[in-house]
Structure formats: structure tokens, C-alpha cells
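So the structure is just underneath, and the comments pick up after that.
Please read all numbers here as calculations on a predicted model, not as lab measurements.
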Amino acid sequence: MEPLTYADVRADIAEALYLEPHELNDAEDLFAAGLDSVRLIGLIERWKSRGAAPAFADLAEQPTLTAWWPLLAPRAAP
């Protein structure tokens, strides 16, 4: 299992929003951009399979890539 990277997280979120990774603004509210709780749960499951263990509530509280990465990074590759 390869460790989760920032680029992986960015690509996963972009895919869930039907965007290309370069179209994703790191500071954008992902719920306002179209992410919903069902897709967030899917992302969490995907990231858990890569060794991260984010809590839904933590991610939902601040739904931006910038806020999420520190929650994922301690269990991922730098």
C-alpha cells in the first residue's frame, strides 16, 4: 500500500466533484462546490484503505483541502 499524498487527496476530491485536479481551489468550501455527505464518506473509506483515519466530523467541520490535509498527513507520506 502506497502512502497517501497531497496530490492523491486532491485528485480524489476533484474526481468526486467531477473536476480536474487543477480546477480545485484548495481553500474552497467543498460542500459549496458540490460535495455531499455520501461522497465524503466514500472519500474517507478510500483514504482509510491507504492508511489515513480521518473522522467524518473533523472533515465536515472545515470542508477545504487546506484544512483536511493536516488531518490526513500525520498518517501519510510527507
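Contact annotation: the side chain of Pro63 approaches that of Trp68 to within less than 4.5 Å [non-hydrogen atoms, C-beta and beyond]. Within the 4.5 Å cutoff, side-chain heavy atoms of Leu17 are placed close to those of Leu30. Between Thr64 and Asn25, the closest side-chain pair of non-hydrogen atoms is not below 4.5 Å.
Residue Leu72 comes nearest to Pro54 through the heavy atom pair CD2-CG, 3.5 Å, listed as atom of the first residue, atom of the second, then distance. Counting all heavy atoms, side chain and backbone alike, Ala52 lies closest to Leu4 at CB-CD2, 3.9 Å. Across Arg50 and Pro3, no two heavy atoms sit closer than the pair NH2-O, 3.0 Å. Considering all non-hydrogen atoms of both residues, Ala11 and Pro21 come closest at CA-CG, 4.0 Å. When all heavy atoms of Phe31 and Leu40 are compared, the closest pair comes out as CZ-CD2, 3.9 Å. Here the closest non-hydrogen pair linking Trp47 and Leu59 is CZ3-CD1, 4.1 Å.
Here Leu43 contributes atom CG and Glu15 contributes atom CD; the two are 8.5 Å apart, rounded to the nearest 0.5 Å. Rounding to the nearest 0.5 Å places CD1 of Ile13 at 10.5 Å from CD of Glu28. Atom CG in Asp36 sits 4.5 Å away from atom CZ in Arg39 (nearest 0.5 Å).
A donor-acceptor pair is defined here as one N or O able to donate and one able to accept, closer than 3.5 Å; no such pair exists between the side chain of Arg10 and the backbone of Leu65.
With sequence neighbours excluded, no residue forms a salt bridge (charged side-chain N to carboxylate O under 4.0 Å, His left out) with Asp58.
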